[in-house]
Amino acid sequence: MKVTMLGCGYVGLVSGACFAEFGASVTCFDIDKTKVDTLLDGKIPIYEPGLEALVQKNVEQGRLSFTNKLDDCISESDLVFVAVGTPTRRGDGHADLSYVYQAVQDISPYLNGYTVIVDKSTVPVGTARNVKRLIAETNPAADFDVASNPEFLREGAAITDFMRPDRVVIGVENERAENVLRELYRPINLIDVPILSTDLESAELIKYASNAFLATKISFINEMSVLCEAVGADVHAVSKGMGMDGRIGRKFLHPGPGYGGSCFPKDTKALVRIAQEHGASSRIVETVIEVNEAQKARMIKKIRNALGGNENGKTIAVLGLTFKPETDDMRDAPSLAILPKLIENGCRIHAHDLQGMDEAKILLPSEVQYYDDLYYALEGVDAVVLMTEWNMYRNLDMKLIKEKLKQPVFIDLRNVYEPHTMKSLGFDYHCIGR
Ligand SMILES: NC(=O)c1ccc[n+]([C@@H]2O[C@H](COP(=O)([O-])OP(=O)(O)OC[C@H]3O[C@@H](n4cnc5c(N)ncnc54)[C@H](O)[C@@H]3O)[C@@H](O)[C@H]2O)c1
């Protein structure tokens, strides 16, 4: 099958490479010429484990290519996937669909023969129908169907998630489009991955409802961590005890500095907007967003308290800046909310991250000092803050750290270490809900 992927970002590039791995002939298109040139040069513009090798293999075997010219690929395609960004629109929390509609408008004139146009981007309910209308207006002669095929991959584990998902959701209007998508996904259906086919609106909503539910679990356990601190309970024991109940499940019940990343923050906000526009209530999700903001604010207080009640004039070393490990993605990372507030109040920051520092330099205040060597970042600081649980930070040389610090204050916002071990090593150790 011939596939065009519009957008070479975290989703487009991974999806394109994986479809090629399944045997399809895939062309990835992006309006960002630098990105396409980087890919044509054999380099990968993002950090995602395993992606470089997968892209290289499929390019070499002639199933994957990159272009910034639409006339190279659309007319030949059986399927055109829209995998462009849908960030939060400035001011109102709604998903910004301008990239989606622009992409669709751009491809319309080139459609030739029956083509299925598939929304892979996370888009509000009704978008697929708008896409259909837009194509019909731009190219009345086009023979096409629209479909919704939301993506559930997690950055850092994107290839495995794409190749072995819990399910594939396809929203379609008829069997013709469904059959084309089922054929494309046949290799993973053969390994017993269920394919759920629904109407367009349900598929669009499944994505938002799933992300909002996962964000709810995180905000729930973060709120429980506050209660644990108040009553002297251990949030790890609480989370473990809850997670053993098959009806609840243990995933997404780990407390932290608040959820971030390119999906949960924007998708929860967009779901609230969708509900408002349709006169429906979304009180749970609204509260989830509030609890998440409060959690980030609580982390600032936690750091301040650990520094003796005032961060002014103090220096902290921050380990990890990205919203989670194994990605270079800084979008809505908790560090972006927490660190500027500390800097505003006179705190100096030494920062270390394995993949996020280039992007952080653009997004964080210019006062932040960056270190390639983690142990240099710790030299003479008043406290360490473990912000993102990269594997490298899970086995730190505590003896060396203690020697480097001005005072042995360790603030663990990911609960990586055991409180009693850290205390026995002589640290003034702070964590979440324990
Ligand atoms: N990142 C994730 O983990 C993830 C997971 C599931 C779903 N999603 C959803 O997938 C979509 C894409 O997310 P992402 O993280 O890959 O975004 P991204 O910002 O990494 O990539 C989007 C790409 O689209 C390109 N683009 C913009 N307009 C274009 C156009 N008209 N034609 C072609 N390319 C265009 C941009 O240049 C960019 O390279 C979003 O809707 C997101 O919510 C993301």
Side-chain angles (χ1 to χ4, degrees), residues 4-18 27-39 44-49 51 66-74 77 80-89 94-110 117-124 127-128 131 134 148-162 165-169 203-204 206-208 210-212 214-215 259-271 322-333 359:
T4 295
M5 190 63 62
L6 304 176
C8 296
Y10 290 86
V11 166
L13 198 51
V14 169
S15 309
C18 290
T27 307
C28 294
F29 165 88
D30 204 292
I31 45 164
D32 182 340
K33 192 173 176 309
T34 318
K35 220 174 230 186
V36 175
D37 286 343
T38 305
L39 288 160
I44 304 292
I46 54 167
Y47 174 73
E48 178 60 45
L51 186 58
F66 305 100
T67 184
N68 57 3
K69 292 196 191 79
L70 283 173
D71 48 0
D72 279 359
C73 46
I74 301 298
S77 294
V80 177
F81 279 85
V82 182
V84 303
T86 49
T88 301
R89 192 163 68 191
H94 199 282
D96 179 353
L97 293 173
S98 58
Y99 302 99
V100 171
Y101 293 140
Q102 188 61 54
V104 167
Q105 214 151 15
D106 291 346
I107 60 155
S108 292
Y110 300 102
I117 318 296
V118 193
D119 280 336
K120 197 164 242 328
S121 298
T122 303
V123 289
T127 305
V131 165
L134 196 61
S148 165
N149 172 222
E151 182 49 56
F152 300 96
L153 62 78
R154 292 162 303 166
E155 286 172 19
I159 294 171
T160 319
D161 283 354
F162 195 95
D166 289 338
R167 79 308 205 182
V168 171
V169 173
E204 289 170 333
I206 285 169
K207 174 64 191 176
Y208 281 110
S210 302
N211 272 1
L214 294 173
Y259 60 75
S262 64
C263 293
F264 289 177
K266 82 172 172 64
D267 293 348
T268 43
K269 282 185 214 148
L271 181 54
T322 50
F323 82 100
K324 67 169 177 178
E326 297 302 329
T327 182
D328 58 351
D329 200 341
M330 284 292 301
R331 285 177 284 186
D332 269 317
E359 194 60 19

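Whatever order the structure lists ligands and atoms in, that order sets their numbers, starting from 1. Index from 1, following the sequence.
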(request) Measure the distance from atom 21 (O) of ligand 1 to every protein heavy atom, then report the residue, atom name and distance (to 0.1 Å) of the closest one. (result) G9 CA, 3.2 Å

(request) Heavy-atom contacts with S262 under 4.0 Å: which atoms of ligand 1 show up? List them by number with element. (result) 1 (N), 2 (C), 3 (O)

(request) Indicate whether the side chain of S121 and that of D119 have a donor and an acceptor atom separated by less than 3.5 Å. (result) no

(message) For P265, is there any backbone N or O sitting under 3.5 Å from a side-chain donor or acceptor partner on T268?
(response) yes

(request) Among all protein heavy atoms, pick out the one at the shortest distance from atom 22 (C) of ligand 1; state its residue, atom name and that distance to 0.1 Å. (result) G85 N, 3.5 Å

(message) Quick one about D106 and Y101 (side-chain donor to acceptor, distance below 3.5 Å, no hydrogens or angles considered), yes or no?
(response) no

(message) Please list the nearest protein heavy atom to atom 32 (N) of ligand 1 with its residue and the distance rounded to 0.1 Å.
(response) F29 CE2, 3.5 Å

(message) Return the closest protein heavy atom for atom 13 (O) of ligand 1 as residue, atom name and distance.
(response) V11 CG2, 4.1 Å

(request) Go through ligand 1 atom by atom and flag the ones less than 4.0 Å from a non-hydrogen atom of E151. (result) 6 (C), 7 (C)

(message) Which option wins on minimum heavy-atom distance to atom 36 (C) of ligand 1: D30, L13, N68?
(response) D30

(request) Could you check which of P87, C28, G7, A103 puts a non-hydrogen atom nearest to atom 31 (N) of ligand 1? (result) A103

(message) Suppose I only count heavy atoms of K35 and a 4.0 Å limit; which atoms of ligand 1 are within that range?
(response) 38 (C), 39 (O)

(message) Rounded at 0.5 Å granularity, tell me how far CD1 in I107 sits from CD1 in I117.
(response) 4.0 Å

(request) Measure A158 to ligand 1 on non-hydrogen atoms and call it side chain, backbone, both or neither using the 4.0 Å cut-off. (result) neither

(message) Out of all atoms in ligand 1, which are within 4.0 Å of some heavy atom of D32? Include the element for each.
(response) 37 (O)

(message) For atom 40 (C) of ligand 1, what's the nearest protein heavy-atom neighbour? Residue, atom name and distance, please.
(response) T86 OG1, 3.5 Å

(message) Checking N68 against K33: is there a side-chain donor and acceptor pair closer than 3.5 Å?
(response) no

(message) More than 12 heavy atoms of other residues, nucleotides or ligands under 6.0 Å from OH of Y99: yes or no?
(response) no

(request) With atom 11 (C) of ligand 1 as the reference point, say which of I31, V84, I46 has the nearest heavy atom. (result) V84

(message) Are there over 12 heavy-atom neighbours, none belonging to D166, within less than 6.0 Å of that residue's CG?
(response) no

(message) Can you report which non-hydrogen protein atom sits closest to atom 2 (C) of ligand 1, along with the distance?
(response) E155 OE2, 3.4 Å

(request) Return the residue, atom name and 0.1 Å-rounded distance of the protein heavy atom closest to atom 5 (C) of ligand 1. (result) L153 O, 3.5 Å

(message) Tell me whether K266 reaches ligand 1 (any heavy atom closer than 4.0 angstrom to a ligand atom).
(response) yes

(message) Taking 4.0 Å as the limit for heavy-atom contacts, which would you say applies to R331 with ligand 1: side chain only, backbone only, both, or neither?
(response) side chain

